[in-house]
Every structure is written in structure tokens, then in C-alpha cells.
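We name chains A, B, ... by the order of the sequence lines, and we start the count at 1 in each one.
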There are 4 protein chains.
Amino acid sequence: MKKNKPKYKQIIDAAVEVIAENGYHSSQVSKIAKKAGVADGTIYLYFKNKEDILVSLFQEKMGQFIEKIEQETNSRQTAEEKLLKLVETHFEQLSADHHLAIVTQLELRQSNKDLRQKINSVLKPYLNVIDAIISEGVEEGLFRPNLDRRLVRQMIFGTLDETVTNWVMKEQRYNIVDQAHEVHSLIVHGLARSSQ
Amino acid sequence: MKKNKPKYKQIIDAAVEVIAENGYHSSQVSKIAKKAGVADGTIYLYFKNKEDILVSLFQEKMGQFIEKIEQETNSRQTAEEKLLKLVETHFEQLSADHHLAIVTQLELRQSNKDLRQKINSVLKPYLNVIDAIISEGVEEGLFRPNLDRRLVRQMIFGTLDETVTNWVMKEQRYNIVDQAHEVHSLIVHGLARSSQ
Amino acid sequence: MKKNKPKYKQIIDAAVEVIAENGYHSSQVSKIAKKAGVADGTIYLYFKNKEDILVSLFQEKMGQFIEKIEQETNSRQTAEEKLLKLVETHFEQLSADHHLAIVTQLELRQSNKDLRQKINSVLKPYLNVIDAIISEGVEEGLFRPNLDRRLVRQMIFGTLDETVTNWVMKEQRYNIVDQAHEVHSLIVHGLARSSQ
Amino acid sequence: MKKNKPKYKQIIDAAVEVIAENGYHSSQVSKIAKKAGVADGTIYLYFKNKEDILVSLFQEKMGQFIEKIEQETNSRQTAEEKLLKLVETHFEQLSADHHLAIVTQLELRQSNKDLRQKINSVLKPYLNVIDAIISEGVEEGLFRPNLDRRLVRQMIFGTLDETVTNWVMKEQRYNIVDQAHEVHSLIVHGLARSSQ
DNA sequence: TATGAATGAGTGTTCATTCAT
DNA sequence: AATGAATGAACACTCATTCAT
């Protein structure tokens with residue numbers, strides 16, 4: 001299995017670094033190879049083409065990302081707690097890897113439709129986690145029963161994504177994890193005064 | 001003023017069409033020139049470079065977009081009503097111009113960091129509109145007083161943006177305007193049962 | 001019509017020179033452009049791709065080559081005289097353009113199957129000229145009536161081609177035109193002292 | 001002697017197959033190694049480089065080819081009979097090995113000048129066989145005494161080569177051996193109804 | 001002997017921009 | 001103002017060959 005060989009991870013980590021530092025469009029394969037300490041040709045022993053590096057990068061990193069979120073949310077009891085843990089873990093993980101944050105929030109969005117479609121399919125499991133929490137919340141009687149699941153999912157993901165993107169564009173000058181409670185509160189209770 | 005000459009708008013409209021139909025990466029300057037019915041070189045009498053076409057496109061179209069939202073929201077009394085009108089008008093306008101929806105939600109995101117920064121500055125007035133509504137809501141006592149304005153703005157914009165993007169990616173097969181009330185409700189009251 | 005613009009011929013002539021001097025595999029597009037005195041990109045205003053330069057080169061040069069042979073053979077009366085004129089003109093023309101001789105006899109044969117197929121179709125009119133002369137000779141009663149036309153054509157073309165190729169590979173150190181009569185004699189009368 | 005080890009022949013036979021099936025330009029060393037059932041590196045224990053495989057292939061196969069022709073022609077008495085046997089044996093052998101026919105007539109011609117020069121030197125003994133038959137024919141009084149040996153050799157080889165190449169390009173859809181007599185007749189007696 | 005992972009040189013083509021007319 | 005022919009920089013990918021095991 002190529003994915004377990006050291007050079008596979010070496011190249012992916014180099015790609016994250018190179019893209020974060022140089023931007024998507026200045027990240028030539030040769031630059032990634034150099035940073036990874038391998039020859040250009042070696043890249044093609046582990047990846048089908050340049051796009052495959054990027055898809056694999058996203059799969060690898062988001063796989064771990066989502067797995068961690070699954071674990072953490074499962075350690076909580078109620079949907080509300082799970083949702084808070086999801087927000088926290090989402091922010092924590094991207095906080096912990098600034099390069100990755102830049103790559104996922106800014107650089108990888110510059111990719112073409114085809115690549116973006118693949119990236120979206122990697123995100124599917126994450127959306128499933130959100131869906132499950134919503135369902136749980138409804139069953140528990142915590143959340144309103146007549147919620148449009150798709151819209152809710154879009155609100156949650158859109159809010160988190162926009163929040164992280166803004167933080168990255170502000171060059172990560174504040175602590176985003178500190179905002180988890182407030183974001184969670186906005187999602188659960190909205191803007192209105194009457195909620196508590 | 002170049003912006004008022006007919007060819008200026010002609011080129012911008014051609015750009016929207018070409019990008020919507022061919023995608024960002026297949027939208028060469030020559031293709032835009034052809035669609036606009038001018039020579040390649042003529043483009044450069046009206047725009048500094050290719051990026052300038054895209055920025056101008058966004059300014060022109062978003063300028064109208066935001067102006068319309070300002071007008072519509074101002075015709076409402078309370079912050080809650082204004083917010084609903086904002087969501088509705090946001091959805092209506094993109095619903096009314098499918099090409100523009102594709103360009104703003106999908107294609108222009110493939111641009112590089114530099115261009116995206118400029119695009120963001122065009123969005124600034126929109127964010128100000130949102131901010132004003134929030135402030136109003138707080139003053140009216142409708143919204144919670146201790147809201148983090150930036151986070152709220154990100155929740156609102158992120159939710160709308162994600163909702164529209166999903167609609168575009170689903171090839172606009174459903175009526176997004178129908179969802180305005182539900183989205184508004186989610187923003188104002190959140191997921192929780194206890195809100196009304 | 002691009003074929004009549006000066007740069008079209010300029011590029012083709014440069015290609016003949018570059019290929020003759022550097023060999024097929026060392027004839028990069030950039031080298032041809034440089035020799036032609038144009039930018040690399042200009043090549044692609046006149047030719048679809050590299051292969052198209054080579055096919056066009058062959059069409060252009062062989063078109064003239066074959067036309068000349070048609071003219072010259074038509075100025076003769078009998079099939080035998082026509083055949084002699086054909087051999088002479090074939091040798092004369094390649095003698096007169098050493099670069100072209102190298103390109104057609106050696107370098108262009110290194111091309112892939114696809115290109116060679118196209119090259120063969122350019123040669124078709126030449127084979128038709130040969131066929132016509134054979135038919136004429138048979139009708140005149142000069143040539144044997146039961147000849148297998150295809151085989152005869154292959155003998156004639158194969159003999160001329162092999163003769164020229166050998167001359168080119170011997171670096172054109174002797175006068176091939178001097179051999180026209182002898183080659184013609186071999187084709188018409190064969191090896192035998194006296195046939196009956 | 002490496003040439004007698006089993007892997008040597010194994011690799012050459014693999015090369016013939018791979019080239020016949022995939023074409024010259026798609027016949028990578030790794031593909032030949034795989035077909036031969038050895039590792040890529042093993043190739044280089046038996047051959048200096050890729051070109052050496054091809055030269056060796058030609059030497060090996062043409063060696064047998066020519067040897068067979070020498071034997072067969074020697075079993076005949078007169079130069080004319082020998083020539084007929086040469087034509088027949090030439091056709092028969094390539095008829096019997098379609099892969100080899102494709103490789104020698106089409107694929108190996110795509111090689112560069114350097115390789116083609118080496119290939120030509122492998123053909124030298126064959127040309128000598130032809131020369132000997134011509135000399136014999138002249139001595140016997142069967143062939144004209146003032147023949148230009150080189151031209152005759154080129155006529156004979158050019159005719160055979162062109163005939164076989166056409167047959168291969170027509171995908172070997174007819175029986176080329178059937179044409180040996182006619183080809184022989186053309187070589188010996190030419191086109192003319194009656195020479196004197 | 002044999003392996004096969006690793007190497008790295010080499011090139012056709014696109015397209016934003018310019019500038020002589 | 002308008003044209004459009006000409007420019008030339010930039011880059012992913014292949015594959016013959018090597019060499020540590």
C-alpha cells in the first residue's frame with residue numbers, strides 16, 4: 001500500500017507547506033518535490049498526477065480531521081453538547097495546523113470544478129456527522145422538530161467555514177477557539193433575545 | 001469616464017456569460033472579446049488587465065446587488081423584517097440571474113488570493129448593511145445585546161453564501177427563494193426548541 | 001489563406017533546414033521558430049501543432065515535386081520516354097535540394113505511424129502518375145499486358161526510393177542524376193540479357 | 001557469452017512482441033522487461049542500453065533470416081533460379097513471422113539515424129548475397145554484363161522492401177508469397193514486352 | 001545475478017499582453 | 001479609438017538508466 005510508505009506522507013506534508021507558503025498557483029510539482037526531498041519523478045510513483053496530490057492531501061488531512069470530530073462528539077451526551085464539541089474541535093484542529101488552515105480555507109478553493117467536486121465528496125462524512133447530531137437533537141426534543149435538515153447543515157457548515165476563513169484572512173491574529181461558545185450559541189439560539 | 005461608455009458594460013456582460021458558460025479557467029480574454037464583439041486589444045483600452053475585468057465585473061454587479069438590498073431593507077421597519085427582506089432579496093437577485101449566480105458562487109472563487117482580496121473589499125458595504133441591521137435589532141431589544149457583531153455577520157453571510165452555493169451546485173433545480181423564511185428563522189432563532 | 005502568407009513558407013523552410021541539420025528528434029519547435037525568425041507562439045498561428053508543421057512541409061514540398069513530375073512526363077510521347085523523364089525529374093529535384101532530400105529520405109521516416117500515414121496519402125498522386133504511365137505503356141504495346149500494376153508500381157517506387165536513400169546516406173557524394181538512364185533501363189528491361 | 005543465456009533470447013523475443021503490439025514509441029524498456037518476465041534492471045545486465053536491444057534484435061533475427069536465404073539460394077543452380085529462391089525465401093520468412101514483419105518493415109524505421117546506420121550494417125551480408133547472385137548471373141551470361149552492381153542491388157532490395165512494406169501496411173491481408181514469381185519476373189525482365 | 005525504487009533531464013503548447021497600423 | 005498579429009514565459013509529466021540491497 002503506497003499510502004503507508006513514508007514518502008507518501010512526506011510528499012503530502014511538503015505539498016501543504018509549499019501551497020501554504022507560495023499559494024496554489026505558484027506551487028509547481030518540482031517545488032513540492034524539492035521540499036519533500038525527492039526527485040520530480042518520484043512524485044509520480046506515489047500520485048497519478050498533480051491533482052491527485054491535492055485530492056490525496058485533502059483526503060488524508062480531512063480524514064483525520066473528521067475522525068477526530070467523530071470521536072470527540074461521541075464523547076458527549078446531548079446533541080447540544082455534541083454540537084459545541086464539534087465547533088470546538090473544528091476550530092482547535094485548524095488552529096493547531098496553520099498551514100493546513102491556509103490550504104483548506106484559501107488555496108484549495110482556487111482549484112477547478114473537477115477537483116472541487118472531489119474535495120466536496122471528501123467532506124461528505126463531515127456533513128453526515130452534522131446531520132446525525134441534528135437528528136439526535138430533534139429526537140431529544142432539544143431542537144425544533146420541523147427543521148429543514150439541509151438548510152440547518154448549510155447554516156452550521158457555512159457559519160463555521162466563514163468564521164475560519166475570516167480568521168485565516170486576518171492572518172490568524174486572534175484565538176478562534178475562544179469563539180466556539182459564542183458560535184455555538186448563535187447556531188443553537190440565533191440572534192433573538194427570547195432564546196436562552 | 002470609461003465606465004459609462006457602452007463597450008465597458010458590453011465587455012463585462014460578455015465576461016459574465018463566457019465565464020458562466022465555459023468556467024473560469026476556459027475564459028480567455030480573446031473569448032470574452034469575441035463575445036463582446038470587440039478586438040482583443042480593445043479590452044485593454046477599458047481594463048488594465050484580465051484581473052481588472054473580473055474585479056470590475058464584481059464591482060458593477062455587486063454594486064447593484066447591494067444597492068437593491070439596501071433599498072429593500074430600508075423599506076422595512078424592524079430589524080427582523082429587514083433581515084428577512086435581506087435574505088429574500090439576496091436569494092431573489094441571484095435567482096433572477098443564473099449566469100451571475102454561477103460566476104459569483106463558483107467560478108470567481110477559483111481566482112488567486114490577490115483577486116479574492118479585492119472581491120472581499122467589494123463585499124464590504126454588504127457586510128456593513130448586515131452590521132447595521134444587527135445594531136438596529138439590538139437597539140430595538142429584539143436581538144441579544146451582547147452579540148459579537150463580527151461573528152454574527154459571519155454566521156449570516158456564511159449561511160447565505162453556503163445556501164446559495166449549494167443551490168447552484170445542485171444546478172438550481174429547486175426554488176431557493178422559497179427557503180428564505182426558513183433560513184431567516186434559523187438565523188434569528190437558531191435550532192433550539194425554546195425559541196419562538 | 002494562411003498558406004499564402006510569407007510566414008507560413010518561412011516556417012516551413014526553417015523546418016526543412018533545422019530537421020536536415022539537427023535530425024528529426026533534435027528539431028524542437030523552439031529551434032524551428034528561432035531559425036524562422038519568429039516567436040515560438042507564432043508557429044501556432046500558422047500550424048495546429050508540431051506534427052502539422054511536418055505534414056504541411058511534406059504536402060507543400062511534395063506537391064511541387066509531383067506537379068513538376070507530372071508536367072515533365074506529359075511533355076514526352078511514349079510511356080518509356082515518360083518513365084525516363086520521371087526517373088530523371090525525381091533525381092534532379094532531390095539533387096537540387098539537398099536539405100529536402102535528407103528530410104524526406106531519412107528524417108521524416110522517424111515519425112510515428114499516424115504521421116507516416118498522412119505522409120503516404122500525400123504520395124498518392126505520385127503513385128497515380130506511375131500507374132498512368134504503366135497503363136499507357138501497356139496500351140502502346142510497349143509493356144507486357146499482364147503486368148500486376150501494384151507490383152510494378154512498388155518496383156518502380158521502391159527502386160527510386162532505395163536509390164535516393166542510398167545516395168543520401170552516402171552523403172550525396174556522387175551525381176545521382178547520372179544514374180537515371182541505368183535505373184530506367186533496369187526497370188524497363190530488367191537484368192536479363194535478352195528476354196523473350 | 002551472454003547471447004547464449006536463456007534470458008538474452010527471452011528479452012529479444014519480448015521486444016519483438018511488445019514493439020509489434022504497441023508500436024515503437026510505446027515500447028518502453030519496462031514494458032519489454034515485464035513481458036520478458038524480468039526486472040527492468042536485468043535488461044541492463046544483457047544489453048548496454050535500449051538501442052542495443054533493438055540492434056541485437058535485428059542482428060539475431062536478420063542473422064537467421066539471411067542464413068536461411070544463403071542456404072536456400074545455394075541449393076539452386078543458376079543465378080535466375082537463385083534469385084527466384086531469394087525472393088521466395090524473403091517473402092516466406094516474413095510471412096511466417098508477422099510480428100517480425102511489422103517490426104522490421106514499420107516500427108524499427110522510426111528509430112534515429114544512428115540506430116538505422118547500425119541496422120544497415122546488419123543488412124550488409126544480405127546485400128552481399130544479392131551481389132554474388134548478380135555476378136554469377138553475369139558470368140553465366142544470363143544477365144547483362146555492363147550492369148551497375150550497386151544500382152541492381154538497390155533495385156532488387158528496394159523492390160522487395162517496398163513490396164513487403166505495402167503488404168504489411170495492408171495488414172497482411174493477401175498472400176505475399178504468391179507474388180514471388182511476378183516480382184522475380186519484373187526484376188529479371190523488366191516491364192518491356194521484349195528486350196533485345 | 002537479479003531486483004525495482006529512485007532519478008532528473010527534456011519540450012510542446014497556451015494565452016495575457018503589446019504595439020504598429 | 002480600434003485592431004489583431006505577434007510575442008515569449010511558464011510547467012506537468014515520461015521513461016531510460018542507475019545502484020543499494
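Residues from residues 42-60 of chain B that place a heavy atom under 4.0 Å from any atom of DNA chain F, listed by number: Thr42(B), Leu45(B), Tyr46(B). Near DNA chain E, meaning a heavy atom under 4.0 Å away, the residues from residues 17-30 of chain C are Gln28(C), Val29(C).
Looking at Lys3(A) and Glu60(A), no side-chain N of the basic residue comes within less than 4.0 Å of a carboxylate O on the acidic one, giving no salt bridge.
Residues that satisfy the ring-ring contact (aromatic ring centres under 6.0 Å, His included) test with Phe47(D), not counting sequence neighbours, are Tyr8(D).
The residue Lys7(D) sits close only to the backbone: its heavy atoms come under 4.0 Å of sugar-phosphate atoms, none of a base.
Contacts between chain D and DNA chain F, taken as any atom within less than 4.0 angstrom of a protein heavy atom, begin and end at dC15(F) to dT18(F).
Residue whose closest nucleotide on DNA chain F sits further toward the 5' end, between Gly41(D) and Gly37(B): Gly37(B).
Nearest heavy atom pair, residue Thr165(D) against residue Arg109(D), reads OG1-NH1, 4.4 Å. Between Val16(B) and His99(B) the shortest heavy-atom distance is CG1-CB, 3.9 Å. Closest approach of Leu115(C) to Glu51(C), counting heavy atoms only: CD1-CG, 3.8 Å. Summarising the geometry of Ile11(C) relative to Tyr46(C), their closest heavy-atom pair is CD1-CD1, 4.1 Å, with the distance given to 0.1 Å.
Inter-residue side-chain proximity for Phe65(B) and Leu94(B) is flagged as met; some heavy-atom pair is nearer than 4.5 Å.
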Query raised in the report: Would Ile119(C) and Ser111(C) count as a side chain to side chain contact (heavy atoms under 4.5 Å, CB included) if you check the C-alpha gap in whole Å, the side-chain angles of each, and the deciding distance to 0.1 Å?
Result: CA-CA 10 Å; Ile119(C) 284 179; Ser111(C) 55; 4.3 Å; yes

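Of the candidates Lys7(D), Lys35(D), Lys61(D), Asp13(D) forms a salt bridge (Lys or Arg N to Asp or Glu O under 4.0 Å) with just one, namely Lys61(D). Here the options are Asp97(C), Ile19(C), Leu54(C), the test is side chain to side chain contact (heavy atoms under 4.5 Å, CB included), and the partner is Val103(C); only Ile19(C) passes.
Rounding to whole angstrom units, CG of residue Asp40(C) and P of dC15(E) are separated by 16 Å.
Formation of a donor-acceptor pair under 3.5 Å by the Ser56(B) side chain with backbone atoms of Asp52(B) is found in this model.
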Query - Dot-bracket pairing map - DNA chain F, Watson-Crick plus G-U, both contacts under 3.5 Å, | cross-strand - result: .||||||||||||||||||||

List the atom pairs, with distances to 0.1 Å, where a side-chain N or O of residues 25-32 of chain C and a protein N or O form a donor-acceptor pair under 3.5 Å, not counting sequence neighbours.
residue: His25(C); atom: ND1; partner: Gln110(C); partner atom: OE1; Å: 3.0
residue: Ser27(C); atom: OG; partner: Gly23(C); partner atom: O; Å: 2.7
residue: Lys31(C); atom: NZ; partner: Ser26(C); partner atom: O; Å: 2.9

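Heavy-atom contacts from other residues, nucleotides or ligands closer than 6.0 Å to CD of Gln117(C) number 12 or fewer.
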